[in-house]
K.L.:
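Submitted below is the structure of interest, expressed as structure tokens.
On a predicted model such as this, the values are computed, not experimentally measured, just so you know. Chain naming here is simple, since letters A, B, ... match the order of the sequence lines and numbering starts at 1 in each.
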Protein chains: 2
Amino acid sequence: MPTPDRTSLDEIVRAGRDLLESEGLSGLSMQAVADRVGVRAPSLYKRVRSRDDLIRLISEATLAELAARLDAVASAEPQADPVDRLTQLAHAVRAFARSGPEAYRLMFSPPSEGSAASPESIARSAAAILSVAAELAGPDDALDAARTATAWTTGFIGMELAGGFRLGGDVDQAYAYGIARIAAALDRRAG
Amino acid sequence: MPTPDRTSLDEIVRAGRDLLESEGLSGLSMQAVADRVGVRAPSLYKRVRSRDDLIRLISEATLAELAARLDAVASAEPQADPVDRLTQLAHAVRAFARSGPEAYRLMFSPPSEGSAASPESIARSAAAILSVAAELAGPDDALDAARTATAWTTGFIGMELAGGFRLGGDVDQAYAYGIARIAAALDRRAG
DNA sequence: ACCTGAACACCGTTCAAGT
DNA sequence: ACCTGAACACCGTTCAAGT
């Protein structure tokens with residue numbers, strides 16, 4: 001006789017994300033997730049292969065949200081100058097990271113191989129930046145340019161989240177300075 | 001009656017680093033470290049406050065090594081063009097990261113607050129880059145320029161180590177492309 | 001002064017037994 | 001078909017007892 005479902009994969013992933021953000025990665029235990037969704041820990045394994053798998057699902061969900069956010073920004077003003085659009089994208093990534101720092105970090109530094117998001121979802125979240133990079137640097141250099149912009153963005157935000165900017169100075173201004181330099185450097189019109 | 005020392009802090013940190021590199025962060029257990037140095041796990045707490053503290057010590061040691069490496073590169077050809085020197089520094093960081101990827105990742109994404117390296121040692125490892133950045137961008141923009149270069153470098157390498165470059169293309173070439181663009185963008189002589 | 005075994009409170013995960 | 005308690009093999013850490 002079937003038992004009525006007492007939870008769902010969605011609820012588990014959502015609970016995991018909340019827990020990750022409020023308690024950090026070490027607080028994301030199967031027990032804690034089970035408590036949140038009102039089930040015993042072993043029951044989670046009906047919907048999730050392992051804790052690593054749960055972490056991967058959280059990464060995947062976060063990545064999808066980021067991709068949606070960036071798509072919205074990119075398509076908001078399709079006519080705007082590509083330098084401005086790249087700048088807006090970079091600011092959107094930073095705002096997203098600040099709204100959920102733990103989940104953001106998870107995307108870019110998975111604690112294990114099995115918890116890394118799939119190449120497909122990574123590619124999807126890079127689409128908006130790739131398209132602006134193509135406009136800026138031209139089709140031949142689009143991939144390299146997108147990588148340069150993405151590397152700088154994730155590097156800056158990663159250092160910021162890790163508390164790496166303790167030499168003083170205005171971090172917001174450093175971000176603005178950086179994105180302006182990067183955008184100009186990638187702009188083929190500038191030569 | 002005192003017992004002769006059966007291990008030392010240095011040996012523990014070294015064993016921890018080896019273990020980290022060969023087994024990953026999750027393989028870096030107090031038990032495994034104790035086995036390596038020939039002691040029982042509780043004895044480690046005579047020299048180390050906690051596992052987090054051991055991780056911090058490993059980060060600190062790695063950071064000191066990186067700083068020494070970069071100092072050596074920076075002072076090898078003091079007369080060279082700053083663009084070339086920044087390029088060499090960037091390549092040195094990447095080579096260092098590849099020689100010990102797990103320890104490298106630890107420096108830039110500490111798994112917890114207590115395992116982060118001290119601001120002082122971070123500042124020390126940034127000295128070489130800061131000095132080239134000052135030459136390139138001028139004293140007023142030195143800090144912002146150093147942050148831009150560092151963010152790009154750590155971001156690129158972090159993505160590479162996380163396996164984030166699966167869209168194809170030549171990653172070595174993307175690195176060369178990026179550092180050339182960044183160096184040119186920071187160079188005030190180019191304007 | 002250092003080292004140890006025993007113990008504590010946790011983990012992630014498996015599995016037979018329940019409904 | 002889902003859920004559970006019990007169990008297993010691990011953790012990090014503390015502490016009294018040994019030398």
Side-chain angles (χ1 to χ4, degrees), chain A residues 1-60 102 106 109-116, chain B residues 1-60 102 106 109-116:
Chain A
M1 195 176 285
T3 313
D5 290 14
R6 221 161 290 187
T7 184
S8 68
L9 182 57
D10 259 24
E11 196 191 10
I12 289 169
V13 173
R14 221 175 315 122
R17 269 228 267 186
D18 292 349
L19 220 37
L20 171 68
E21 223 50 72
S22 61
E23 310 293 330
L25 185 58
S26 72
L28 179 60
S29 72
M30 298 302 270
Q31 311 256 18
V33 172
D35 283 354
R36 284 235 171 180
V37 303
V39 107
R40 301 290 175 165
S43 300
L44 298 176
Y45 292 84
K46 282 285 151 183
R47 336 228 175 223
V48 146
R49 212 192 322 261
S50 63
R51 180 175 181 262
D52 258 22
D53 195 41
L54 174 56
I55 291 175
R56 190 186 54 76
L57 290 166
I58 294 173
S59 262
E60 217 85 71
E102 294 288 342
L106 215 54
S109 52
S112 70
E113 196 127 346
S115 60
Chain B
M1 196 177 287
T3 314
D5 291 12
R6 222 162 289 188
T7 184
S8 67
L9 182 56
D10 259 25
E11 198 191 8
I12 289 169
V13 172
R14 221 176 313 123
R17 268 227 268 187
D18 292 348
L19 220 38
L20 171 69
E21 222 52 71
S22 61
E23 310 293 331
L25 186 58
S26 72
L28 178 59
S29 71
M30 298 303 270
Q31 311 256 20
V33 172
D35 283 354
R36 285 236 172 178
V37 303
V39 107
R40 301 290 175 167
S43 301
L44 298 176
Y45 292 84
K46 282 284 151 183
R47 333 224 179 229
V48 146
R49 213 190 321 261
S50 64
R51 181 175 181 261
D52 257 23
D53 195 41
L54 173 56
I55 292 176
R56 188 185 56 76
L57 290 167
I58 294 172
S59 262
E60 216 85 70
E102 295 287 344
L106 214 54
S109 51
S112 71
E113 194 127 348
S115 61

K.L.:
Quickly work out the B:Asp52 CG to D:dC11 C1' distance and round it to whole Å.
P.N.:
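Going from B:Asp52 (CG) to D:dC11 (C1'), I get 14 Å.
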
K.L.:
What I want to check is whether the side chains of B:Ser112 and B:Asp52 have a donor and an acceptor closer together than 3.5 Å.
P.N.:
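Note: B:Ser112 and B:Asp52 side chains meet the donor-acceptor criterion.
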
K.L.:
To the nearest Å, give me how far apart CG (A:Leu28) and C1' (C:dC10) are.
P.N.:
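Nearest whole value for this atom pair: 16 Å.
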
K.L.:
What is the distance, to the nearest angstrom, from the CZ atom on A:Arg47 to the P atom on D:dA1?
P.N.:
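Atom CZ in A:Arg47 sits about 13 Å away from atom P in D:dA1.
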
K.L.:
Given the rule in the salt bridge (Lys or Arg N to Asp or Glu O under 4.0 Å) test, do A:Arg17 and A:Glu21 qualify, once you have shown the distances and angles that lead to the verdict?
P.N.:
CA-CA 6 Å; A:Arg17 269 228 267 186; A:Glu21 223 50 72; over 6 Å; no

K.L.:
Indicate, with a heavy-atom threshold strictly under 4.0 Å, whether A:Ser43 touches base, sugar-phosphate, or nothing.
P.N.:
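Answer is base: heavy atoms of A:Ser43 come under 4.0 Å of a base.
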
K.L.:
Considering only NZ, NE, NH1 and NH2 on the basic side and carboxylate oxygens on the acidic side, decide whether A:Asp5 and A:Arg47 come within less than 4.0 Å.
P.N.:
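Yes, this pair counts.
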
K.L.:
Expressed in angstrom and rounded to an integer, what is the separation of A:Arg6 atom CZ from D:dC3 atom C1'?
P.N.:
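For the pair A:Arg6 CZ and D:dC3 C1', the rounded distance is 6 Å.
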
K.L.:
Whole-Å distance between D:dG12 P and B:Leu25 CG?
P.N.:
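Checked: the CG to P distance equals 10 Å.
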
K.L.:
Write down the partner of D:dC2 under the Watson-Crick or G-U wobble criteria, each distance required to be under 3.5 Å.
P.N.:
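For D:dC2, the partner nucleotide comes out as C:dG18, under the 3.5 Å rule.
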
K.L.:
Which heavy atom of B:Ser26 sits nearest to which heavy atom of B:Arg51, and what is that distance?
P.N.:
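Closest pair (atom of B:Ser26, atom of B:Arg51, distance): CA-NH2, 4.5 Å.
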
K.L.:
To the nearest Å, how far apart are B:Leu44 CG and D:dC11 C1'?
P.N.:
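Result: 14 Å.
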
K.L.:
Within the structure, does a side-chain N or O atom of A:Arg40 lie under 4.0 Å from either OP1 or OP2 of D:dC3?
P.N.:
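Result: no.
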
K.L.:
Return the nearest nucleotide to the side chain of B:Val39; candidates are D:dG12, C:dC11, C:dC3.
P.N.:
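Output: C:dC3.
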
K.L.:
Could you work out which one of D:dG5, C:dC11, C:dT4 sits closest to the side chain of B:Pro42?
P.N.:
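Closest nucleotide to the B:Pro42 side chain: C:dT4.
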
K.L.:
Check every strand shown and say whether B:Thr7 touches a base, only sugar-phosphate, or nothing at a heavy-atom separation below 4.0 Å.
P.N.:
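It contacts sugar-phosphate atoms only.
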
K.L.:
For D:dC8, which nucleotide in any strand shown is its Watson-Crick or wobble partner with both distances under 3.5 Å?
P.N.:
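Because both required distances fall under 3.5 Å, D:dC8 counts as paired with C:dG12.
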
K.L.:
Can A:Asp35 and A:Arg40 be counted as an ion pair, charged N to O under 4.0 angstrom?
P.N.:
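A salt bridge is absent here (no side-chain N lies under 4.0 Å from a carboxylate O).
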
K.L.:
Let me know the distance between CG of A:Asp35 and P of C:dC10, rounded to the nearest Å.
P.N.:
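Computing the A:Asp35:CG to C:dC10:P distance gives 12 Å.
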
K.L.:
Taking CZ from B:Arg49 and P from D:dT14, how many angstroms apart are they, rounded to a whole number?
P.N.:
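Atom CZ in B:Arg49 sits about 11 Å away from atom P in D:dT14.
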
K.L.:
Which of these nucleotides, D:dC2, C:dC2, D:dC11, is closest to any side-chain atom of B:Asp5?
P.N.:
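Of the candidates, C:dC2 comes closest.
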
